[in-house]
Number of protein chains: 2
Amino acid sequence: MEIYKKQKRQHYLEEHSISHLFSFPIEEFIEVREYKRDEWIIREGMRPDYLFYVIEGKAKIYVTYQNGKVSLINFISAQDFIGEMELLNEVYYTKGIQTSTKTICFAIPFHQCRTQMLEDTTFLRALTKFLSIKATRMSAKYSQSLAFPLENRLADFILQTADEGVYKEKHVTVCDFLGVSYRHLLHVFAQFCDKGYLKKEGHHYRIQQHNKLNELSMILKNE
Amino acid sequence: MEIYKKQKRQHYLEEHSISHLFSFPIEEFIEVREYKRDEWIIREGMRPDYLFYVIEGKAKIYVTYQNGKVSLINFISAQDFIGEMELLNEVYYTKGIQTSTKTICFAIPFHQCRTQMLEDTTFLRALTKFLSIKATRMSAKYSQSLAFPLENRLADFILQTADEGVYKEKHVTVCDFLGVSYRHLLHVFAQFCDKGYLKKEGHHYRIQQHNKLNELSMILKNE
DNA sequence: ACAATAATATGAGATATCTCATATTTTAGG
DNA sequence: CCTAAAATATGAGATATCTCATATTATTGT
């Protein structure tokens, strides 16, 4: 992890100002940090000392179960908070957060700002909104995961992540995210190819029948 | 739905005061309402005009999918907010909320209080905390649901809901909540009985081997 | 008290999904 | 450039879970 100083710091503070999220001057307290790919922003079980706000990059939230199985719970991307649970709750099991690309974020030290943040309506409103959206998404994902077979969730995921009609995600990451075995994920991909929805091109898949995937994905949408 | 007036209203306002959640006098705006069993507090798709705070009773959150399948997403019980999503977000698909017992709650009208509530740090902090816990629970439930078979989730659910060693929930509600078919739920119950973890007594189940259920349930805990 | 509806119960066959074994290809580190 | 590790790929059999059919028992409204 690298901490940006001087111009580099200033540049990010200006380009991605978050002062509108606070009604007090926050900039002086902000550390601008760069994490390399695969670095841990927070280690599972260790309470962070900062509230983070992601400027660019992507990260993943993991949790380890007692049986040793590690699960990817969610993705984090630009404009997400990290560590807000620990800011708000005395008791909270901290999940692990690992970058999947180079990630730049603002780090706001609890020991200097906690009190002020918790007194600031502007900030609290922003945080409340963030949390409410997070809760809604989680809840949607949850009920979807239970109510429908992989076919539907995968179709949705493909449409969300495909770039110019080409799907390039890593199977390993995806089967973890969608909570299915590698084997079964591949099986459903094979089905999609058989049915002509996708065409395999090396390790990528080209979408052939967008509307068919869309039908499958629409089944789990209602908002 | 019945609206309590005079002494009855006053009684509830005093017995279950929520004035500590606000830094302005909220009581004058509060309507005290009683919903009968199976009444809808909010109908799916209809934005509510009130923020609700549950005093006693239980309710269920439902969502209907395009394929017509209705899913129970979560339970609501005393000290939960209802309608906070609609208070915070302009755009939000409102889920249906139906009582499962007689339910008494406070109703705070948006049109009179929205602005004040959104400016009140005390309230916002309370709400943020509520939401953060909600998000965490959802997220735990989600990863659990994907990572483990029903056996584990059911063991956990039994321990959570059993009263003095006796489990009395309705299968119909539970299979919906846990997202499995009625048939399969019964099948796992039968297994638990075979293995001697539970003993069937009429329509109830008596826990025989608490430690065995606990083992199963602990597998999905880490906090 | 009776009829209608909801909840419980069980069997049997279908499907979704998992585990394990094993082979090949790609990627990362020295 | 070479090797180890990670990712991809595929088969086969096991298990979890679903759907449908059907019967019995509670609950509720009139």
Side-chain angles (χ1 to χ4, degrees), chain A residues 36-39 60 65 67-72 98 100-102 143-155 157 167-195 198-205 216 219-220, chain B residues 36-39 60 65 67-72 98 100-102 143-155 157 167-195 198-205 216 219-220:
Chain A
K36 291 204 201 74
R37 181 168 175 219
D38 290 337
E39 265 191 289
K60 300 174 199 161
Y65 293 98
N67 64 4
K69 171 159 180 170
V70 177
S71 263
L72 173 63
Q98 183 182 37
S100 48
T101 66
K102 182 183 92 173
S143 43
Q144 281 170 19
S145 76
L146 293 177
F148 302 96
L150 179 61
E151 187 177 50
N152 301 94
R153 289 177 288 137
L154 182 59
F157 187 80
Y167 171 92
K168 309 180 178 180
E169 300 302 315
K170 292 202 171 186
H171 291 331
V172 176
T173 311
V174 174
C175 64
D176 198 1
F177 183 60
L178 295 177
V180 295
S181 69
Y182 186 88
R183 191 63 194 81
H184 188 55
L185 179 69
L186 272 273
H187 181 236
V188 176
F189 264 110
Q191 268 180 224
F192 282 3
C193 292
D194 274 0
K195 291 180 182 164
L198 298 177
K199 192 174 149 203
K200 197 164 174 186
E201 298 182 345
H203 287 174
H204 300 166
Y205 294 80
L216 287 175
I219 289 174
L220 40 79
Chain B
K36 290 205 202 73
R37 181 169 174 218
D38 291 335
E39 266 191 289
K60 299 174 201 161
Y65 293 97
N67 65 4
K69 171 159 181 171
V70 176
S71 264
L72 173 63
Q98 184 182 35
S100 48
T101 66
K102 181 182 95 172
S143 43
Q144 282 170 20
S145 76
L146 293 177
F148 302 96
L150 179 60
E151 187 178 48
N152 300 95
R153 289 178 287 136
L154 182 58
F157 187 79
Y167 171 93
K168 310 179 176 181
E169 301 302 314
K170 291 202 170 185
H171 292 331
V172 176
T173 311
V174 175
C175 64
D176 199 1
F177 182 60
L178 295 177
V180 295
S181 68
Y182 185 88
R183 191 62 193 83
H184 188 55
L185 179 69
L186 272 271
H187 181 236
V188 177
F189 264 111
Q191 269 181 224
F192 282 2
C193 291
D194 275 359
K195 292 181 184 165
L198 298 176
K199 192 174 149 203
K200 197 163 175 185
E201 298 183 343
H203 286 175
H204 299 164
Y205 294 80
L216 286 175
I219 290 174
L220 41 78

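Letters A, B, ... are given to chains in the order of the sequence lines, protein chains preceding strands, and every chain is numbered from 1.
By the 4.5 Å heavy-atom criterion applied to side chains, B:L150 and B:H187 are not counted as neighbours. No side-chain heavy atom of A:K60 sits less than 4.5 Å from a side-chain heavy atom of A:D176. Side-chain contact check for B:H204 versus B:K168: some heavy-atom pair is nearer than 4.5 Å.
If one axis is set at each end of the helix from C:dA1-D:dT30 to C:dG30-D:dC1 from five pairs, those axes are 70° apart, to 10°.
Distance check, rounded to the nearest 0.5 Å: NE2 of B:H184 to CG of B:L154 gives 9.0 Å. Rounding to the nearest 0.5 Å places CG of B:N152 at 5.0 Å from CD1 of B:I219.
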Annotated protein contacts, base or backbone, on nucleotides 17-30 of chain D with a non-hydrogen cut-off under 4.0 Å, one of B, S, - each: BBB--------S--
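Of the charged side-chain nitrogens involved, at least one lies within less than 4.0 Å of a carboxylate oxygen, so that A:E151 and A:K195 count as a salt-bridged pair.
For A:Y167, the ring pair (Phe, Tyr, Trp, His ring centres under 6.0 Å) test picks out A:F189, with sequence neighbours left out.
Rounded to a whole Å, the NE2 atom of B:H204 is 15 Å from the P atom of C:dA7. Distance, A:L154 CG to C:dA16 P: 14 Å, rounded to whole Å. Between B:N152 atom CG and D:dA16 atom C1' the separation is 12 Å, expressed in whole Å. Following rounding to the nearest Å, A:K200 (NZ) and D:dT8 (C1') show an atom-to-atom distance of 7 Å. C:dA16 atom P lies 17 Å from atom CZ of A:F189, rounded to whole Å. Look at CZ on B:F192: it is 16 Å from P on C:dA9, rounded to the nearest Å.
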Derivation and outcome, ring pair (Phe, Tyr, Trp, His ring centres under 6.0 Å), residues A:F192 and A:Y205: CA-CA 10 Å; A:F192 282 3; A:Y205 294 80; 9.4 Å; no
